[in-house]
Amino acid sequence: MELSPQNRTARLILGRVYVTQRNWSEAIDQLRGLVESDAYDHEPRLLLGRALVGSGDTERGRQEIEAATDLKNTFLKFADMHQEAITKPTEASIRIELGQLAEKLGKFKLASTWYQLLWGWMQTMHSHDALKRLQALGSEASANRRE
């Protein structure tokens, strides 16, 4: 069955059907194309791994299954970190980890956003600290002039 390469959902469903039918070669053809077009989508990678194992290519199948599992776990951790970021709005380490996880998931624009937010926040914090320090120095200098 020929499907448009842009129709990922239909191609994924077809890949699932082929895996269920144990039609390994067709499943591998459908799913490999999906993995090649989006290496960060865990579901087609997992199904590809199953199809490869079913076809007898156990080693490559295990590698795909491990990669899919890693991607899914990264995605779940990313979701948890977003919740943590909401409850701890001033903790910089959470923003750093969110940027790193976004990179690992291939969400480079989102990673950049987290890093830019952190950069702006750090600059603001440093500026705020510097202003407080200068104000304290100014108050101290003013007090010394009065003496």
Can you find a pair of side-chain heavy atoms, one from [X] and one from [Y], that are under 4.5 Å apart?
X	Y	answer
D80	E84	no
F78	L110	yes
Q30	L34	no
L52	L48	yes
R11	P44	no
Y18	I28	no

Legend entry - Distance in Å, T9 OG1 paired with L14 CG, rounded so as to fall on 0.5 Å steps: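 So the gap between those two atoms works out to 12.5 Å.
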Legend entry - Atom pair CZ (R50) and OG (S55), whose distance is rounded to the nearest 0.5 Å: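 Nearest 0.5 Å value for the CZ-OG distance: 14.5 Å.
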Legend entry - Same cluster (ILVMFWY, side-chain, under 4.5 Å), I65 and Y40: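 Result: no, two separate clusters.
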Legend entry - V35 with V17, same ILVMFWY side-chain cluster at under 4.5 Å: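 No, no single cluster joins them.
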Please report the shortest heavy-atom distance between [X] and [Y], naming the atom on each side.
X	Y	result
A92	L118	CB-CD1, 3.6 Å
G54	W24	O-NE1, 3.1 Å
V19	A27	CG2-CB, 3.7 Å

Inset, instruction - Apply side chain to side chain contact (heavy atoms under 4.5 Å, CB included) to E43 and list each qualifying residue two or more places apart in sequence or on a separate chain. - result: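 Per chain and number, E43 pairs via side chain to side chain contact (heavy atoms under 4.5 Å, CB included) with L12, R16, D41, L47.
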Show me the donor-acceptor pairs within less than 3.5 Å that the side chains of residues 95-105 make with the rest of the protein, sequence neighbours left out.
from : atom 1 : to   : atom 2 : distance (Å)
R95  : NH1    : K88  : O      : 3.0
R95  : NH1    : E91  : O      : 3.3
R95  : NH2    : A85  : O      : 3.2
R95  : NH2    : P89  : O      : 3.2
E97  : OE2    : K77  : NZ     : 3.1
E103 : OE2    : Y115 : OH     : 2.6
K104 : NZ     : D70  : OD1    : 3.4

Inset, instruction - Could you check whether the rings of H82 and W114 sit parallel, tilted or perpendicular, using 30° and 60° as the cut-offs? - result: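 Because their plane-to-plane angle lies in the 30° to 60° range, the rings of H82 and W114 count as tilted.
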Legend entry - From E36, E64, E66, residue fulfilling salt bridge (Lys or Arg N to Asp or Glu O under 4.0 Å) relative to R45: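 The salt bridge (Lys or Arg N to Asp or Glu O under 4.0 Å) with R45 is passed solely by E64 among E36, E64, E66.
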